[in-house]
Amino acid sequence: MSALAPAPASASPAPAPPGSPPDTLAPGGRVDALTGLRFLAALAVFAHHFTGLGGPGSGVARVPAFFPYTTMGVHGVGFFFVLSGFLLAWGYRPGTSARLFYWRRAGRIWPAHLAASLLALVLLFWWGGRATDAFSVLASVLLVQTWFPGVTPTLPGNSVAWTLSVELFFYALFPLLVRGALALRTRTLLAVSAGSLAVMAAVNLWLLTHLSGAAAEWVMRHPLARLPEFGLGLAAALALRRGVRPALRAWPVVVALAAYTVAYTRRAEWAGEGAVVLEATVRPVVAVLAVGLVVACVVRATAGTRGEGWLASPVMVRLGLWSYAFYLLHQTLNYAITDRWGHQPAGGVALFTMIGTAVVATALAGALYHGLEEPARRWWAARPPRWVTGGGDLWRVRALFLPHRSGGPS
């Protein structure tokens with residue numbers, strides 16, 4: 001979810017001519033609407049975790065006004081995988097060393113992650129008495145908990161940090177992936193991306209029909225299984241930087257997402273035995289819808305005629321800046337509520353409890369962002385060691401880490 005961390009900002013780019021060779025890239029521009037959009041995605045994940053799956057002991061409380069549609073929020077993490085690939089490729093500067101890239105990523109995700117993990121370990125495992133072991137805790141701190149099975153519990157430490165474990169895998173591969181992608185023509189790159197999503201759906205269908213639920217879920221959380229989502233975002237960003245400008249607006253994508261949400265959440269009663277197909281294809285479908293929203297925002301921002309809309313308002317940009325911290329903290333807050341007061345009854349009152357919890361999580365996120373996340377990022381960025389800079393011009397290196405906010409998490 002480091003698509004929750006800000007990406008470099010610059011002026012709106014002039015697109016490269018559509019017929020440009022594969023290595024011709026216009027500079028990626030600042031798109032504040034993506035920053036606001038990522039808060040909405042984080043809020044969708046929160047709504048899912050708060051309302052749960054509707055059964056006893058699931059979530060804090062079921063909110064009839066939104067349930068079961070909030071269960072779609074679990075796939076908000078897929079949006080972040082797409083956005084992460086997009087933003088990294090959108091801001092990529094050819095010639096930047098892998099060491100600089102890895103240094104920047106570490107400073108962006110680990111300070112807030114460590115603070116949120118410490119809070120979760122104290123509240124949920126030390127005071128709350130949840131079972132775990134030293135190996136699982138270490139795996140969660142190092143963000144490798146999804147790379148192999150056998151951790152306790154299935155999502156150890158700060159449970160939502162499993163997505164950071166997936167992101168860390170993407171980061172490790174990004175320097176190699178982006179160079180390979182740049183060697184491909186745009187049509188080839190997009191075809192490879194589409195093919196990988198089709199393979200993802202086919203593999204998921206096999207997993208769901210041949211493995212136990214727990215085993216299938218573990219494989220579908222593995223970084224390799226989520227790589228097509230990241231790759232789709234990467235491919236879309238490079239296509240836009242090469243001058244591709246589809247006539248795409250956000251509202252048809254939003255309508256499609258709403259319709260799909262209804263169909264997906266009603267799959268058991270509407271599709272019967274075919275529901276497994278919807279379950280197998282939901283991640284690729286959400287990835288396509290997510291990239292549609294991202295591309296629509298970028299097309300509007302770079303057109304320079306209508307502005308970026310309400311998603312780029314100061315309030316939404318501020319919330320977007322806090323969204324990484326919000327994501328890291330919200331589930332610990334949900335667990336703390338149920339540990340202290342138990343699961344709350346479904347009903348109208350649950351709606352106000354959910355709103356209040358979201359407000360508290362947002363306030364805590366703002367405190368974490370301003371108190372640790374951003375100051376630590378600046379401190380880290382200003383002090384790259386010589387083995388990272390290669391002894392080059394330190395001021396040129398520091399320019400890569402100047403304060404920025406555009407696009408949200410990357």
A.B. asks: Distance-only, no hydrogens or angles: does the S193 side chain make a donor-acceptor pair with backbone N or O of L190 under 3.5 Å?
C.D. replies: no

A.B. asks: Please answer whether the main-chain N or O of A358 pairs with a side-chain N or O of H330 as donor and acceptor at a distance below 3.5 Å.
C.D. replies: no

A.B. asks: Rounded to the nearest 0.5 Å, how far apart are CG of N204 and CG of L208?
C.D. replies: 6.5 Å

A.B. asks: If every non-hydrogen atom of A89 is compared with every non-hydrogen atom of A237, which pair is closest and at what distance?
C.D. replies: CB-CB, 3.7 Å

A.B. asks: Name the orientation class of the two ring planes belonging to W103 and W380 (parallel below 30°, tilted from 30 to 60°, perpendicular beyond 60°).
C.D. replies: parallel

A.B. asks: Do the charged groups of R377 and E373 touch, with an N to O distance under 4.0 Å?
C.D. replies: no

A.B. asks: Between A365 and W322, which heavy-atom pair has the shortest distance, and what is it?
C.D. replies: CB-O, 3.6 Å

A.B. asks: Short question: side chain of Y369, backbone of A325 - any donor-acceptor pair under 3.5 Å?
C.D. replies: no

A.B. asks: Does W147 reach the main-chain N or O of H222 with its side chain, forming a donor-acceptor pair under 3.5 Å?
C.D. replies: no

A.B. asks: List the atom of L100, the atom of V388, and the distance in Å for their closest heavy-atom pair.
C.D. replies: CD2-CG1, 3.5 Å

A.B. asks: CG of L123 to CZ of R340: how many Å apart, nearest 0.5 Å?
C.D. replies: 13.0 Å

A.B. asks: Quick check: F148 with F135 (ring centres under 6.0 Å apart)?
C.D. replies: yes

A.B. asks: Does any part of the side chain of M316, heavy atoms only, come nearer than 4.5 Å to the side chain of L319, both counted from C-beta?
C.D. replies: yes

A.B. asks: Could you go step by step and tell me if V295 and L240 meet the side-chain contact (heavy atoms from CB on, under 4.5 Å) rule?
C.D. replies: CA-CA 8 Å; V295 169; L240 289 174; 4.2 Å; yes

A.B. asks: With sequence neighbours left out, what residues match Y264 under ring pair (Phe, Tyr, Trp, His ring centres under 6.0 Å)?
C.D. replies: H75

A.B. asks: Verify, without hydrogens or angle tests, whether R241 (side chain) and W90 (backbone) share a donor-acceptor contact under 3.5 angstrom.
C.D. replies: yes

A.B. asks: side-chain contact (heavy atoms from CB on, under 4.5 Å) between F169 and L224: does it pass, once the steps are laid out?
C.D. replies: CA-CA 8 Å; F169 185 86; L224 281 174; 3.7 Å; yes

A.B. asks: Does any part of the side chain of H370, heavy atoms only, come nearer than 4.5 Å to the side chain of P375, both counted from C-beta?
C.D. replies: no

A.B. asks: Would you say that more than 12 heavy atoms from the other residues, nucleotides or ligands in this model lie under 6.0 Å from the CH2 of W206, or not?
C.D. replies: yes

A.B. asks: Relative to F67, does R62 satisfy both conditions: NZ or CZ under 6.0 angstrom from the six-membered ring centre, and within 45 degrees of the ring's axis?
C.D. replies: yes

A.B. asks: Any side-chain heavy atom of M220 within less than 4.5 Å of one from R283?
C.D. replies: yes

A.B. asks: Would you compute the distance between atom CD1 of I109 and atom CZ of R104 and round it to the nearest 0.5 angstrom?
C.D. replies: 12.5 Å

A.B. asks: Quick one: does V82's side chain get under 4.5 Å of F230's, heavy atoms only?
C.D. replies: no

A.B. asks: Is there side-chain contact between L164 and L328, with at least one heavy-atom pair below 4.5 Å?
C.D. replies: yes

A.B. asks: Identify the two heavy atoms, one from T186 and one from A239, that lie closest to each other, and give their separation to 0.1 Å.
C.D. replies: CG2-CB, 3.7 Å

A.B. asks: Classify the ring geometry between Y92 and F174 as parallel (under 30°), tilted (30 to 60°) or perpendicular (over 60°).
C.D. replies: perpendicular

A.B. asks: Calculate, to the nearest 0.5 Å, the distance between atoms CZ and OG1 belonging to R185 and T188 respectively.
C.D. replies: 8.5 Å

A.B. asks: Please name all residues satisfying salt bridge (Lys or Arg N to Asp or Glu O under 4.0 Å) with R99, sequence neighbours left out, ordered by chain then number.
C.D. replies: none

A.B. asks: Do any N or O atoms from the side chain of Q145 and from the backbone of L142 form a donor-acceptor pair under 3.5 angstrom?
C.D. replies: no

A.B. asks: For R266 and V262, indicate whether the former's side chain and the latter's backbone hold a donor-acceptor pair under 3.5 Å.
C.D. replies: no

A.B. asks: Could you pull out the closest heavy-atom pair between V151 and A139, with the gap in Å?
C.D. replies: CG1-CB, 4.4 Å

A.B. asks: Just wondering, do P156 and V137 contact through their side chains at under 4.5 Å, heavy atoms?
C.D. replies: no

A.B. asks: On a heavy-atom basis, which atom in V166 and which in R221 lie closest, and how many Å separate them?
C.D. replies: CG2-O, 3.5 Å

A.B. asks: When you look at CD of E273, are more than 12 heavy atoms from neighbouring residues, nucleotides or ligands closer to it than 6.0 Å?
C.D. replies: no

A.B. asks: Should V294 and F79 be marked as a side-chain contact (heavy atoms from CB on, under 4.5 Å) after you check the CA-CA gap, both sets of side-chain angles, and the distance that decides it?
C.D. replies: CA-CA 9 Å; V294 170; F79 170 85; 4.0 Å; yes

A.B. asks: Determine whether V45 and V74 satisfy the following criterion, side-chain contact (heavy atoms from CB on, under 4.5 Å), listing intermediate values before the conclusion.
C.D. replies: CA-CA 5 Å; V45 177; V74 68; over 6 Å; no

A.B. asks: Between R130 and Y335, is NZ or CZ placed under 6.0 angstrom from the six-membered ring centre and within 45° of the ring axis?
C.D. replies: yes

A.B. asks: Could you grab the distance from atom CG of L333 to atom CZ of F50, nearest 0.5 Å is fine?
C.D. replies: 9.5 Å

A.B. asks: Under 4.5 Å between any side-chain heavy atoms of S140 and N158, yes or no?
C.D. replies: no

A.B. asks: So, the side chain of W218 versus the backbone of G213: is there a donor-acceptor pair under 3.5 Å, distance only?
C.D. replies: no

A.B. asks: Main chain of T132, side chain of S136: is a donor-acceptor contact present, judged purely on distance under 3.5 Å?
C.D. replies: no

A.B. asks: Looking only at side chains, do Q331 and S159 share a donor and an acceptor under 3.5 Å apart?
C.D. replies: no

A.B. asks: About how many Å separate OG1 of T281 and CG of L205, when rounded to the nearest 0.5 Å?
C.D. replies: 8.5 Å

A.B. asks: Do the side chains of F46 and M354 get nearer than 4.5 Å, heavy atoms only?
C.D. replies: yes

A.B. asks: Do any N or O atoms from the side chain of S323 and from the backbone of F326 form a donor-acceptor pair under 3.5 angstrom?
C.D. replies: no

